[in-house]
Amino acid sequence: MHQEYPIHKINSLVKERIDEAIKLLKELIEIPTENPPGNNYLEMAYLLNNVLNKLGYKTEVVKVPQEVSDRLAPHGKGLPRVNVVGYLQEGVGGPLIHLNGHFDVVPAGLHWSFNPFKGIIKDNKVYGRGASDMKSGIVTQIFSVEVLREAMKELGYKLNGTIVESFTCDEETGGFAGVGYLVDKGYISKNTNFILITEPTDSRYIVVGHRGVIWLKVKVYGEKAHGAVAQLGVNAIDRARLILNKFAELNLHLKSRVSENILPIEASYATLTPTMINAGLASNIVPDICEIVFDRRLSMNEKVDIAMEEMKRIVEETLIKDYDIEMLMSVEPVKVPLSTMLINTLSKSIELIVGENPRYYYLAATMDMKFFVRNTGINECVVYGPGIMSVAHMTNEYVPIENIITSIKVLSLTLSKLFKTI
Ligand SMILES: [Zn+2]
């Protein structure tokens with residue numbers, strides 16, 4: 001419609017607003033929302049709520065009731081679980097676009113060169129826990145909308161549509177009290193046309209899905225005996241070792257189940273990893289219980305029930321009699337079609353701003369995309385944001401300011417196209 005749609009207008013507005021965006025990023029980093037256990041969520045939620053309010057959004061701070069959060073966030077030590085949703089209606093009708101980011105961060109850990117909760121700026125990078133994953137994503141969401149609104153106002157164009165921004169908790173521990181809760185309670189409208197999650201994609205590639213996972217607990221039973229007459233007992237650790245050996249064989253076999261375009265590339269094949277083990281009461285007692293937890297990562301074309309059957313069959317083959325198998329948690333692989341309007345629009349915007357065709361990836365680990373795509377059935381959902389995946393969760397995590405600038409431009413342009421202003 002407006003052929004001369006001015007990238008230069010977006011460019012100059014981003015330049016004007018970037019200091020303000022970095023200031024907000026520092027404020028977000030300065031609230032240590034480490035999860036587990038989920039510290040300072042209320043403080044963070046009210047800060048973000050106020051930011052959106054001042055910008056004219058109608059907002060709601062969605063508190064998860066205590067008894068529900070105890071169930072959905074058992075790691076949470078009773079700390080409050082809370083999410084923020086903001087609505088901005090522009091003009092009449094038009095598409096509904098949902099932008100989402102999580103505000104919890106993994107624990108900072110030790111050995112940082114800077115205070116991880118200060119948002120120190122050095123060499124055009126902002127350092128701090130959550131700088132990449134993903135407080136810079138939240139800032140990008142907010143400012144890409146602001147830049148778009150300002151550009152439209154200055155140019156006298158009209159925006160028609162609704163922006164919904166959600167800032168959610170607990171992504172780093174599964175997201176059940178975060179996006180999972182919002183989806184459950186109907187906060188993600190069925191009328192949503194497009195969903196953008198601003199997790200780290202280095203401002204230049206697009207994540208279109210993620211692998212699946214099963215957490216499996218195997219409990220093997222034996223019979224206690226004095227260590228001096230171990231012959232009289234049945235050692236549960238010895239029995240469990242049979243399963244460990246068989247599962248190690250399966251793990252080798254899984255190397256042949258390869259998926260394309262997985263990020264990082266090392267995670268291209270399926271795996272089965274023992275991650276926790278618990279047995280024994282004292283050094284002189286033959287243990288009668290051994291409990292092992294396994295982490296099974298699925299390739300993109302595997303299914304949870306088939307992978308479960310395979311593992312159950314292998315345990316049966318050990319001929320161990322007394323055991324229990326429990327699936328603690330499972331997520332099917334998530335994959336959106338590559339031909340959606342959102343992916344096309346975002347790709348073209350990246351091409352225009354970054355100057356190269358974006359690559360598409362599936363993430364090795366699961367994330368909140370599962371709730372959006374699986375539980376709402378909305379396929380117009382992608383991940384794009386300023387953070388760098390490879391520094392997420394690391395000591396001295398940072399985000400380059402240039403990435404924030406790029407992603408605000410890309411998202412402003414994408415939104416303007418989705419709103420059909422150009
Ligand atoms: Zn994240």
Side-chain angles (χ1 to χ4, degrees), residues 25 28-29 33 35 44 48 83-84 97-106 126 128-144 164-176 178-180 182-183 188 194-213 261-264 267 331 333-336 342-343 346-347 349-350 354 358-374 376 378 380-394 397-400 403-404 406-408 410-411 414-415:
L25 176 58
L28 299 184
I29 290 173
T33 44
N35 176 34
M44 174 60 83
L48 288 167
N83 302 289
V84 180
I97 304 177
H98 192 117
L99 304 174
N100 168 262
H102 68 84
F103 55 70
D104 60 315
V105 297
V106 293
V126 183
R129 175 54 86 226
S132 259
D133 185 11
M134 55 163 289
K135 288 175 172 173
S136 56
I138 290 177
V139 167
T140 291
Q141 276 175 230
I142 295 171
F143 279 87
S144 58
V164 180
E165 303 237 17
S166 61
F167 304 125
T168 48
C169 67
D170 272 6
E171 193 278 342
E172 299 292 359
T173 45
F176 301 99
V179 175
L182 291 186
V183 169
I188 317 301
F194 307 104
I195 299 167
L196 267 151
I197 305 168
T198 50
E199 289 267 24
T201 67
D202 205 0
S203 72
R204 59 194 63 231
Y205 58 89
I206 302 178
V207 166
V208 290
H210 58 73
R211 299 194 305 170
V213 60
N261 302 322
I262 299 290
L263 202 70
V331 177
V334 170
K335 199 191 244 191
V336 295
L342 178 57
I343 292 179
L346 180 60
S347 300
S349 305
I350 294 173
V354 178
R359 301 193 58 160
Y360 304 111
Y361 290 106
Y362 302 103
L363 278 198
T366 75
M367 55 169 162
D368 282 340
M369 194 175 191
K370 61 184 179 271
F371 298 114
F372 284 116
V373 175
R374 297 216 93 88
T376 66
I378 298 167
E380 292 273 8
C381 176
V382 290
V383 178
Y384 170 82
I388 300 178
M389 180 57 78
S390 60
V391 303
H393 299 201
M394 307 275 275
E397 178 180 344
Y398 66 86
V399 64
N403 278 25
I404 300 174
T406 302
S407 61
I408 294 175
V410 167
L411 276 194
T414 304
L415 293 174

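Counting begins at 1 with the first residue of the sequence.
- Side chain of Arg374 to backbone of Pro333: a donor-acceptor contact under 3.5 angstrom is found.
- With values rounded to the nearest 0.5 angstrom, Ile97 atom CD1 is found 10.5 Å from Glu380 atom CD.
- No donor-acceptor distance shorter than 3.5 angstrom exists from the side chain of Ser407 to the backbone of Ser203, with no hydrogens or angles considered.
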Pair Ile404-Leu25, side chain to side chain contact (heavy atoms under 4.5 Å, CB included): steps then yes or no = CA-CA 10 Å; Ile404 300 174; Leu25 176 58; 3.7 Å; yes
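- With values rounded to the nearest 0.5 angstrom, Leu346 atom CG is found 9.5 Å from Leu415 atom CG.
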Starting from the C-alpha separation in whole Å, work towards a yes-or-no answer on side chain to side chain contact (heavy atoms under 4.5 Å, CB included) for Ile378 and Phe372.
-> CA-CA 7 Å; Ile378 298 167; Phe372 284 116; over 6 Å; no
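- Side-chain atoms of Asp104 come within 3.5 Å of backbone N or O of Glu172 as a donor-acceptor pair.
- In this view, Gln141 and Glu165, Thr198 satisfy the side-chain hydrogen bond (donor to acceptor under 3.5 Å, both in side chains) rule, not counting sequence neighbours.
- Separating the SG atom in Cys381 from the CD1 atom in Ile197 is a distance of 4.0 Å, to the nearest 0.5 Å.
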Return all side-chain donor-acceptor pairs below 3.5 angstrom for residues 360-368, not counting sequence neighbours, or 'none' if the list is empty.
from	atom 1	to	atom 2	distance (Å)
Tyr360	OH	Ser347	OG	2.9
Tyr361	OH	Arg359	NE	3.4

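- Looking only at distances, a side-chain donor or acceptor of Arg211 sits under 3.5 Å from a matching main-chain atom of Ala267.
- Every residue two or more places apart in sequence or in another chain that forms a side-chain contact (heavy atoms from CB on, under 4.5 Å) with Thr173 is listed here: Asn35, Pro36, His75, Asp170.
- For the pair Val164/Leu99, no side-chain contact is recorded, criterion being any heavy-atom separation below 4.5 Å from C-beta on.
- Closest approach of Leu182 to Ser166, counting heavy atoms only: CD1-CB, 4.1 Å.
- The shortest distance between side-chain heavy atoms of Val410 and Tyr384 falls below 4.5 Å.
- The backbone N or O of Ile388 lies less than 3.5 Å from a partner atom in the side chain of Ser132, making a donor-acceptor pair.
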Stepwise side chain to side chain contact (heavy atoms under 4.5 Å, CB included) test for Val179 and Glu171 | CA-CA 8 Å; Val179 175; Glu171 193 278 342; over 6 Å; no
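- Of the inter-residue distances, the one linking Ile142 atom CD1 with Ile408 atom CD1 reads 10.0 Å to the nearest 0.5 angstrom.
- One distance of note links CG of Leu342 with CG of Leu196; it measures 5.0 Å at 0.5 Å rounding.
- Residues that satisfy the side-chain hydrogen bond (donor to acceptor under 3.5 Å, both in side chains) test with His210, not counting sequence neighbours, are absent from this structure.
- The side-chain hydrogen bond (donor to acceptor under 3.5 Å, both in side chains) check on Thr168 picks up Asn100, with sequence neighbours excluded.
- Taking the ring-ring contact (aromatic ring centres under 6.0 Å, His included) definition, one finds that Phe143 meets it with nothing, sequence neighbours left out.
- Contacts of Glu397 classified as salt bridge (Lys or Arg N to Asp or Glu O under 4.0 Å), with partners at least two apart in sequence or in another chain: Arg129.
- Looking only at distances, no side-chain donor or acceptor of Lys335 sits under 3.5 Å from a matching main-chain atom of Gly209.
- Residues passing the ring-ring contact (aromatic ring centres under 6.0 Å, His included) test with Phe194: none are found, sequence neighbours excluded.
- Here the shortest heavy-atom pairing between Gly178 and Asn83 reads CA-OD1, 3.4 Å.
- Here the side chains of Lys135 and Val105 are in contact, with some heavy-atom distance below 4.5 Å.
- Ile195 places none of its side-chain heavy atoms less than 4.5 Å from the side chain of Val373.
- For the pair Pro386 and Asn403, the tightest heavy-atom approach, listed with the atom from each and the gap, is O-ND2, 2.9 Å.
- Within the 3.5 Å criterion, the main-chain N or O of Val399 finds no donor-acceptor partner in the side chain of Ser136.
- Partners of Ser349 according to the side-chain hydrogen bond (donor to acceptor under 3.5 Å, both in side chains) rule, which considers only residues two or more places apart in sequence or in another chain, are Thr414.
- The two residues Val354 and Arg204 come nearest to each other via the heavy atoms CG1-NH1, 3.3 Å.
- For the atom pair CG (Leu263) and OG1 (Thr201), the distance works out to 9.5 Å, reported to the nearest 0.5 Å.
- Between His102 and Asp133, the closest side-chain pair of non-hydrogen atoms falls below 4.5 Å.
- By the 4.5 Å heavy-atom criterion applied to side chains, Ile350 and Tyr205 are not counted as neighbours.
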Are Val84 and Met44 close enough, and set up right, to give a side chain to side chain contact (heavy atoms under 4.5 Å, CB included), and what steps lead you there?
-> CA-CA 9 Å; Val84 180; Met44 174 60 83; over 6 Å; no
